[in-house]
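In this text, all values refer to a predicted model and were calculated from it rather than measured experimentally. In what follows, chains are A, B, ... by sequence order, proteins preceding strands, each numbered from 1.
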There are 2 protein chains.
Amino acid sequence: MARHNTTRFAVLGALAWQPMSGYDIKKALDRSVSHFWSENFGHLYPVLRQLAAEGLVTQKREQSGRRPAKSVYRLTDRGEDELGRWLASEPGAAPRRNELLLQLFFGRRLDKTTLRDKIRRERERQVGAQATLAAVRDEIKKAHAGPDGALWLLTLRYGELMSEAAVKWCDECERWAARAR
Amino acid sequence: MARHNTTRFAVLGALAWQPMSGYDIKKALDRSVSHFWSENFGHLYPVLRQLAAEGLVTQKREQSGRRPAKSVYRLTDRGEDELGRWLASEPGAAPRRNELLLQLFFGRRLDKTTLRDKIRRERERQVGAQATLAAVRDEIKKAHAGPDGALWLLTLRYGELMSEAAVKWCDECERWAARAR
DNA sequence: GCAACAATATATCACTATGGCATATTGCCC
DNA sequence: GGGCAATATGCCATAGTGATATATTGTTGC
């Protein structure tokens with residue numbers, strides 16, 4: 001068995017915030033945790049059905065205006081308990097699968113130009129990510145001064161430090177490529 | 001379809017190094033790229049069979065002494081071409097799934113002690129990782145001064161910078177927790 | 001000398017997760 | 001009014017994980 005279903009807990013955590021549809025959950029997660037977590041519909045919807053079947057969430061069909069009907073899910077007491085148990089549990093290791101580094105590692109046969117281009121594009125991606133993080137930081141400061149805000153800033157800070165380190169690494173690579181020609 | 005099979009390329013890359021059995025490939029990858037890449041047997045063996053069926057590798061049964069027979073795989077010319085194409089291609093984004101951060105993000109209901117313990121364990125993990133990286137660095141310096149060595153050190157350096165940044169983050173979290181009591 | 005255990009070598013299975021495509025409606029811009 | 005983004009969900013093929021099974025050899029300790 002593949003450890004445990006972490007999507008479950010991302011969903012329960014989001015619903016602890018407020019009742020939402022699957023689509024809303026995806027949007028909410030994308031806005032808040034996308035720098036260290038990703039979900040996709042293909043898994044999200046089945047997990048929601050499963051959680052409903054287990055009684056950890058309730059499902060309610062809702063019609064608003066003439067928009068397509070949506071299923072709004074709400075956390076139950078048992079769902080809260082389940083969330084609480086997971087929160088206190090030991091977190092699993094993050095997946096290690098960095099394709100860029102794998103290409104570099106086996107990149108002996110690549111010419112220097114291709115290598116440098118790879119690094120430069122990575123640097124651009126990271127700088128772009130930093131802009132996104134800055135925007136998230138602004139949003140948190142404005143909208144969420146509460147007890148959550150501090151924890152959110154902590155996770156944001158993680159992303160910032162990682163991205164800074166990645167840029168630093170790109171620059172070191174550039175200097176190395178410039179020397180070794 | 002789920003983007004593309006990256007395990008394929010990890011395997012081709014390893015076999016470009018030298019002919020090996022599935023077990024050997026796993027060992028070789030674990031020793032060299034484990035700080036940014038992981039493979040497991042459950043996927044590795046099926047992929048090897050698939051690569052053989054496609055003619056990108058050849059399979060040869062080998063008996064050595066009375067040890068269990070093993071299948072040694074060797075890269076074909078078409079396999080080399082496939083590897084070359086992938087090396088020059090745009091790398092896919094790394095999976096974003098950090099369970100520790102997800103727990104912190106939803107961790108409003110956790111008490112400070114639990115939070116601090118989580119951070120401390122993370123710090124210990126990172127310090128442990130740094131020790132492993134240092135050992136790998138030594139090994140590379142000793143055994144591989146060739147053209148590969150420089151690229152390997154680049155990927156190693158990435159791991160070092162990430163781990164340093166992670167420890168820095170842990171320390172910032174500690175200071176935050178100390179302030180906010 | 002034998003039990004316990006690590007390493008060698010592969011395979012299978014259940015489950016988790018990804019990403020592409022399909023579908024249908026509404027709202028907006030040119 | 002044509003096209004495209006957003007809302008809302010579902011399905012499928014494929015990728016990837018981790019537990020477990022199996023059989024042999026080599027090593028370590030009692």
Does one side chain, of A:Gln130 or A:Gln126, offer a donor that lies under 3.5 Å from an acceptor on the other?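 No pair is found: no donor N or O on one side chain lies under 3.5 Å from an acceptor on the other.
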
Does a side chain donor of either A:Thr58 or A:Arg74 reach within less than 3.5 Å of an acceptor in the other side chain?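 Absent: no donor and acceptor within the cut-off.
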
Indicate, with a heavy-atom threshold strictly under 4.0 Å, whether [X] touches base, sugar-phosphate, or nothing.
| X | result |
| --- | --- |
| B:Lys26 | nothing |
| B:Gly22 | sugar-phosphate |
| B:Asn40 | base |
| A:Arg49 | sugar-phosphate |

For [X] and [N], give me the distance from atom [atom1] to atom [atom2], rounded to whole Å.
| X | N | atom1 | atom2 | result |
| --- | --- | --- | --- | --- |
| A:Trp86 | C:dT16 | CH2 | P | 16 Å |
| B:His4 | D:dA13 | NE2 | P | 21 Å |
| A:Arg31 | D:dA6 | CZ | C1' | 14 Å |
| A:Ile25 | D:dG10 | CD1 | P | 12 Å |
| B:Leu102 | C:dT16 | CG | C1' | 15 Å |
| B:Arg96 | C:dA17 | CZ | C1' | 13 Å |
| A:Glu62 | D:dT7 | CD | P | 17 Å |
| A:Asp24 | D:dA6 | CG | P | 15 Å |

Centre of B:Tyr23's six-membered ring, under 6.0 Å away, within 45 degrees of the axis: is that where NZ or CZ of B:Lys70 sits?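 No cation-pi geometry.
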
Can you confirm if the NZ or CZ of A:Lys60 lies within 45° of the ring axis of A:Tyr73 and under 6.0 Å from the centre of its six-membered ring?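 Judged by the rule, A:Lys60 and A:Tyr73 form no cation-pi pair.
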
Going through the checks in order, is the salt bridge (charged side-chain N to carboxylate O under 4.0 Å, His left out) test met by A:Glu174 and A:Lys118? CA-CA 11 Å; A:Glu174 275 286 354; A:Lys118 278 185 187 299; over 6 Å; no

Contact under 4.0 Å: [X] side-chain N or O vs [N] OP1/OP2:
| X | N | result |
| --- | --- | --- |
| B:Tyr23 | C:dT8 | yes |
| B:Tyr45 | C:dA11 | no |
| B:Asn5 | D:dG16 | yes |
| B:Ser21 | C:dT10 | yes |
| B:Ser38 | D:dT17 | yes |
| A:Lys27 | D:dT7 | yes |
| B:Arg97 | C:dA17 | yes |
| A:Thr6 | C:dA17 | yes |
| A:Ser71 | D:dA8 | no |

If you assign each of B:Pro95 and B:Phe41 to its closest nucleotide in DNA chain C, which residue comes earlier from the 5' end?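 Going by which nucleotide is closer to the 5' end, it is B:Phe41.
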
Pairwise side-chain contact, A:Leu156 with A:Leu133, heavy-atom cut-off 4.5 Å (strictly under):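 A:Leu156 reaches A:Leu133 side chain to side chain.
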
Nucleotide nearest B:His43 when distance is taken to its side chain, options D:dA8, C:dT10, D:dA15: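 The listed nucleotide nearest to B:His43's side chain is D:dA15.
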
